[in-house]
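Have a look at the structure below, then the notes.
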Amino acid sequence: MPSDSSVIKVRLPDDSVRELPTGSTGLDLAQSIGKRLAQAAVATVVNGVESDLGVALADGAQVSIVTADSDAGRHVLRHSTAHVLAQAVVQLFEGSKFSIGPAIEDGFYYDFELPNNKTFSDADLVSITERMQQIVAADQPFVRSEMSADDALKVFKDQPYKCEIIQRVTKGDADSVDALEAGSADAVSVYRNSESFVDLCRGPHVPSTSRLGHFALMKVAGAYWRGNEKGPMLQRIYGTAWESKSALAEHLHRLEEAEKRDHRRLAVEMDLLSFPQELGGGLAVWHPKGGIVRKLMEDYSRERHQNGGYKFVFTPHLANAHLFETSGHLQFYKDGMYPPMEMDNGTYYPKPMNCPMHCLIYRDRQRSYRELPLRLFELGTVYRYERAGTLHGLLRIRGFTQDDSHIFCTEEQMADEIASLLDFVLSVLRRFGFNDFDFKLSTRNVDKSVGSDEIWQKATDALREALNRHGLQFTVAPGDAAFYGPKIDIDVRDAIGRKWQLSTIQCDFNLPERFGLEYIATDNARKRPIMLHRALFGSIERFFGVLLEHYGGAFPTWLAPVQVRVLAVASAHEEYAAKVVQQLIEGGYRVDQLVADEQLGKRIRASKLERIPYVLVVGDDDVANSTVGVNPRGGDVRRDVLMNDFLRQLSADVGETKSVA
RNA sequence: GCCGGGGUAGCUCAGUGGCAGAGCAACCGCCUUGUAAGCGGUAGGUCGUGGGUUCAAUCCCCACCCUCGGCUCCA
């Protein structure tokens with residue numbers, strides 16, 4: 001026996017080597033480094049594999065300690081808390097079945113089936129939380145063991161969902177969710193918390209439940225088993241869990257802040273638009289204040305498109321069914337369309353997309369290669385029958401307007417055209433204050449698409465190449481393409497880090513085929529153009545909604561419905577205030593005046609709540625000196641500002657974001 | 001579409017099987033104000049819609065519409 005068998009050496013992330021008695025665990029290691037580290041430790045990474053703190057370390061291992069305040073650590077906490085949730089539910093609701101309970105962003109969930117199709121109420125969440133706290137207080141260890149699939153099936157004989165997972169793992173057709181739940185086929189891993197509760201799980205977990213406790217159960221929701229709409233619907237409980245009381249409190253505070261900037265709430269508060277019940281679900285009307293912002297967005301869009309070589313077209317909201325038969329929409333997109341209108345001379349549908357109509361414009365006469373690329377642009381209003389449960393304010397709506405364009409080009413032009421489109425999209429998005437993007441390449445879903453493999457391959461390659469040419473990182477979403485072709489979707493991140501899908505660039509070899517589109521090439525041959533679909537805002541409604549949340553209602557000055565409000569200190573200054581207003585109107589600004597029949601403080605407050613960029617206050621001094629008091633949004637008050645100085649400041653503020661590249 | 005909440009004044013929300021409530025906003029007066037809520041008064045509701053139960057329904061039951069949180073699906 002070697003003389004050093006009583007010790008092991010492990011290597012730490014900083015490449016230092018530490019000697020420990022043989023049989024030492026990750027927890028021992030953490031303790032040897034420091035008491036605070038041991039307290040914060042929730043798991044280890046041994047040779048790149050996450051494992052429990054209690055696992056004995058091998059000699060020569062590369063080890064790092066996962067602490068609760070890291071992303072990986074919180075993940076472990078959340079997953080462990082999910083087990084505690086399951087235990088509480090199983091104890092409180094006799095006969096309940098539990099299925100899966102992963103950690104997710106900011107928290108975790110667990111899906112259950114309650115006996116007799118019972119559902120959880122909000123009151124249940126309170127009692128479940130209490131039971132969970134008892135389990136935490138009981139300091140139950142998480143004890144890992146591994147067993148054969150057969151033994152595991154015996155352990156979970158009363159848990160059909162667990163058995164299904166074990167069987168899938170055994171058969172080797174486990175998906176990533178299953179693998180997280182059960183480990184591998186030869187060694188199904190389980191974690192036992194007490195005599196009565198054991199769960200299938202790959203781990204790792206915290207050493208014991210006492211390490212948990214900073215959690216909150218958030219909501220109950222229905223969720224299909226394995227995401228299958230035809231399958232059973234389970235009861236899902238969502239929770240959030242954090243490493244400390246303060247981290248939990250901060251998270252709850254962030255949620256409150258996010259709620260305050262909810263576009264649906266802001267739309268009401270700021271009188272921008274509404275969804276009258278009489279109109280039906282998912283249909284909005286724009287009020288004057290929302291309308292002016294929308295107009296400014298549209299003006300900007302039109303200006304950019306005009307400069308970008310686009311031709312403006314207009315098409316109707318309805319079309320004969322034949323059009324959508326030709327385009328394939330009735331075959332592949334019927335569920336997303338409003339129901340047909342039967343008329344004496346045929347059947348009509350509200351259009352769900354503008355592309356077929358743009359194809360008709362292209363086809364109306366013979367085209368030459370000299371005309372290509374032909375870029376047709378329209379702010380086209382479409383109607384889509386989104387399922388009732390999916391509607392969500394402006395972000396998921398049934399009638400909306402796309403800043404839609406279809407670019408007809410030759411195969412040779414395609415790659416350049418896509419590349420310059422990417423520049424165009426990003427430049428427009430940046431003007432609206434978005435700087436953080438995620439790109440997604442969506443590829444073919446064979447069951448829900450038209451066209452040959454070669455054509456799809458070509459189009460997908462062209463999109464991929466454009467992304468690579470720009471050096472952009474992207475993810476691939478297999479099967480997410482439109483039925484007519486692959487696409488690049490661009491998600492933006494808003495001011496508080498949430499992702500929204502807005503812009504899309506789609507490649508289409510199929511509609512030109514279906515509509516028999518042609519151009520005369522240089523060699524006098526008839527050739528088929530390629531069609532690119534693209535929308536920058538995506539939909540004006542969605543973009544507006546995202547913009548509203550991004551800015552929390554505080555639109556940049558160039559977009560603000562009211563840019564300047566003028567307040568007279570007292571009635572005696574009203575006349576001067578009106579002159580200031582007039583001067584600003586002549587300067588082309590959107591300005592108004594609130595007369596002095598309320599306290600100044602109250603009028604200031606009202607104006608601030610409206611998020612007006614500049615509130616001007618004028619009193620005796622200002623009347624005497626032709627000055628104004630400037631109270632800017634988010635800045636400090638300045639008194640005695642010369643009117644011309646303010647005009648310069650305003651012009652700079654507006655011009656900065658307004659000028660077109 | 002599915003599961004679970006909800007719909008009461010312009011907004012935010014109380015409330016009850018027996019005449020419908022508050023705060024803010026609105027309107028009218030007073031106050032004439034120097035940077036985020038001055039005072040008093042008035043008005044405002046088919047209690048989402050339609051059916052049912054009941055002597056009596058905003059309240060209990062059913063259906064539908066709209067909406068919220070999810071699932072599924074998507075710009």
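Owing to the predicted nature of the structure, the values given are computational and were not obtained by experimental measurement. By convention in this document, chain letters (A, B, ...) are assigned in the order of the sequence lines, proteins followed by strands, and residues within each chain are numbered from 1.
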- Counting N and O atoms only, with roles assigned by atom type, does the side chain of A:R264 sit under 3.5 Å from a partner on the main chain of A:H392, one being a donor and the other an acceptor? no
- Task: Using heavy atoms to find the nearest nucleotide of RNA chain B for A:R639 and A:D262 separately, return the residue whose nucleotide is more 5′.
- Result: A:R639
- Message: Could you tell me if the side chain of A:M643 sits less than 4.5 Å from the side chain of A:S626, heavy atoms only?
- Response: no
- Task: For nucleotides B:A25 and B:C11, find the distance between their C1' atoms and express it as a whole number of Å.
- Result: 7 Å
- Task: Please tell me which of the listed nucleotides, B:G34, B:A36, B:A75, lies nearest to the side chain of A:D622?
- Result: B:G34
- Task: Please state the P separation for the pair B:U12 and B:C71 - nearest whole angstrom.
- Result: 25 Å
- Nearest-angstrom distance, C1' atom, B:A22 to B:G15: 11 Å
- Message: At 4.0 Å (heavy atoms only), tell me whether A:G545 reaches a base, stays on the sugar-phosphate, or touches nothing.
- Response: nothing
- Message: Given A:Y300, which partner from the list A:F537, A:F543, A:F432 fulfils the ring pair (Phe, Tyr, Trp, His ring centres under 6.0 Å) test?
- Response: A:F432
Short heteroatom pairs, N/O only, protein and nucleotides 2-9 of chain B, under 3.5 Å:
residue: B:C2; atom: O4'; partner: A:Y224; partner atom: OH; Å: 3.3
residue: B:C3; atom: O2'; partner: A:Q235; partner atom: NE2; Å: 2.8
residue: B:C3; atom: O2; partner: A:G222; partner atom: N; Å: 3.2

- Chi class for B:C19: syn within 90° of 0, otherwise anti: syn
- Between B:G51 and B:U46, how far apart are the C1' atoms? Round to whole Å, please. 16 Å
- Item | Value in whole Å for how far the P atom of B:C71 lies from CZ of A:R226 | 17 Å
- Across the strands shown, which category fits A:N228 at heavy-atom distances under 4.0 angstrom: base, sugar-phosphate, nothing? nothing
- Task: Between B:G17 and B:G10, how far apart are the P atoms? Round to whole Å, please.
- Result: 25 Å
- Task: Could you check which of B:U35, B:U72, B:A75 has an atom nearest any side-chain atom of A:K487?
- Result: B:A75
- Query: Which whole number of Å gives the distance between the C1' atom of B:C68 and that of B:G45?
  - Reply: 23 Å
- Take atom NZ in A:K579; do more than 12 heavy atoms of anything else shown fall under 6.0 Å from it? no
- Those residues of residues 396-407 of chain A lying under 4.0 Å from RNA chain B by at least one heavy atom: A:R396, A:I397, A:F400
- Item | Gap between atoms CZ and P, on A:R633 and B:A36 respectively (whole Å) | 17 Å
- Message: At less than 4.0 Å, is any side-chain N or O atom of A:K602 found next to OP1 or OP2 of B:A25? Yes or no.
- Response: yes
- Query: Toward the 5' end of RNA chain B, which comes first, A:G280 or A:S503, by nearest nucleotide?
  - Reply: A:G280
- Message: How many whole angstroms separate atom CD of A:E269 from atom P of B:A25?
- Response: 14 Å
- Message: Over all strands shown, is A:G619 touching base, sugar-phosphate only, or nothing at heavy-atom distances under 4.0 angstrom?
- Response: base
- Message: Using only modelled atom types and a 3.5 angstrom limit, is any donor from either the side chain of A:E386 or the base of B:A75 paired with an acceptor on the other?
- Response: yes
- Rounded to whole angstroms, how far apart are NZ on A:K608 and P on B:U35? 13 Å
- Query: Hey, does A:R542 reach any base, or is it just sugar-phosphate, or nothing, if we go heavy atoms under 4.0 Å?
  - Reply: base
- A:N228 atom CG, neighbour heavy-atom count above 12 within 6.0 Å: yes
- Query: What does A:R264 touch in the nucleic acid at a heavy-atom separation under 4.0 angstrom: a base, only the sugar-phosphate, or nothing?
  - Reply: sugar-phosphate
- Message: Using only atom types and a distance under 3.5 Å, with no angle test, would you say the side chain of A:R565 pairs donor to acceptor with the backbone of A:D592?
- Response: no
- Item | B:A14 and B:U8, which share atom name P, separated by this distance in whole Å | 11 Å
- Go through RNA chain B and write down every stem, that is, every run of at least three consecutive Watson-Crick or G-U wobble pairs with distances under 3.5 Å, as range with range. B:1-7 with B:65-71, B:10-13 with B:21-24, B:26-30 with B:38-42, B:48-52 with B:60-64
- Contact class for A:G281 (heavy atom, under 4.0 Å): base, sugar-phosphate, or nothing? sugar-phosphate
- Task: In whole angstrom, give the distance that lies between atom CG of A:L502 and atom P of B:A75.
- Result: 12 Å
- Message: Taking ring-ring contact (aromatic ring centres under 6.0 Å, His included) as the definition, give me every residue that meets it alongside A:F555, ordered by chain and number, with sequence neighbours left out.
- Response: A:F544
- Considering only atom C1', compute the distance from B:C55 to B:U72 and round it to an integer number of Å. 49 Å
- Note on the structure: Whole-Å distance, A:R605 CZ to B:U35 P, equals 16 Å
- Within less than 4.0 Å of OP1 or OP2 of B:G69, is there a side-chain N or O belonging to A:H392? yes
- Nearest-Å distance for atom pair CZ/C1', residues A:F112 and B:G70: 15 Å
- Message: Whether A:K499 and A:D438 form a salt bridge (side-chain N of Lys/Arg under 4.0 Å from carboxylate O of Asp/Glu) is what I want to check.
- Response: yes
- Message: Could you check whether A:D489 pairs with A:K487 (Lys NZ or Arg NE/NH1/NH2 to Asp/Glu carboxylate O, under 4.0 Å)?
- Response: yes
- For the residue pair A:P232 and A:Y161, what are the closest heavy atoms and their distance? CG-OH, 3.9 Å
Distances under 3.5 Å only, N/O to N/O: pair up the protein atoms with those of nucleotides 28-32 of chain B.
residue: B:U32; atom: O2; partner: A:S571; partner atom: N; Å: 2.9
residue: B:U32; atom: O2; partner: A:S571; partner atom: OG; Å: 3.1
residue: B:U32; atom: N3; partner: A:S571; partner atom: OG; Å: 2.7

- Apply ring-ring contact (aromatic ring centres under 6.0 Å, His included) to A:Y238 and list each qualifying residue two or more places apart in sequence or on a separate chain. A:Y109
- If you check every side-chain atom of A:V617, which of B:C74, B:G34, B:G1 has the closest atom? B:G34
- Drop me the distance from A:R236's CZ to A:W225's CH2, to the nearest 0.5 angstrom. 10.5 Å
- Task: Please check if the side chain of A:E541 supplies one atom and the backbone of A:T401 the other of a donor-acceptor pair under 3.5 Å.
- Result: yes
- Item | Interatomic distance, A:D621 CG vs B:U35 P [rounded to whole Å] | 12 Å
- Query: Parallel, tilted or perpendicular: which fits the ring planes of A:F424 and A:Y310, with parallel below 30° and perpendicular above 60°?
  - Reply: parallel
- Message: Main chain of A:D106, side chain of A:T240: is a donor-acceptor contact present, judged purely on distance under 3.5 Å?
- Response: yes
- Message: For the backbone of A:D491 and the side chain of A:K440, can you confirm whether one donor and one acceptor N or O come within less than 3.5 Å of each other?
- Response: no
- Task: Determine whether more than 12 heavy atoms belonging to other residues, nucleotides or ligands lie under 6.0 Å from atom CG of A:N117.
- Result: no
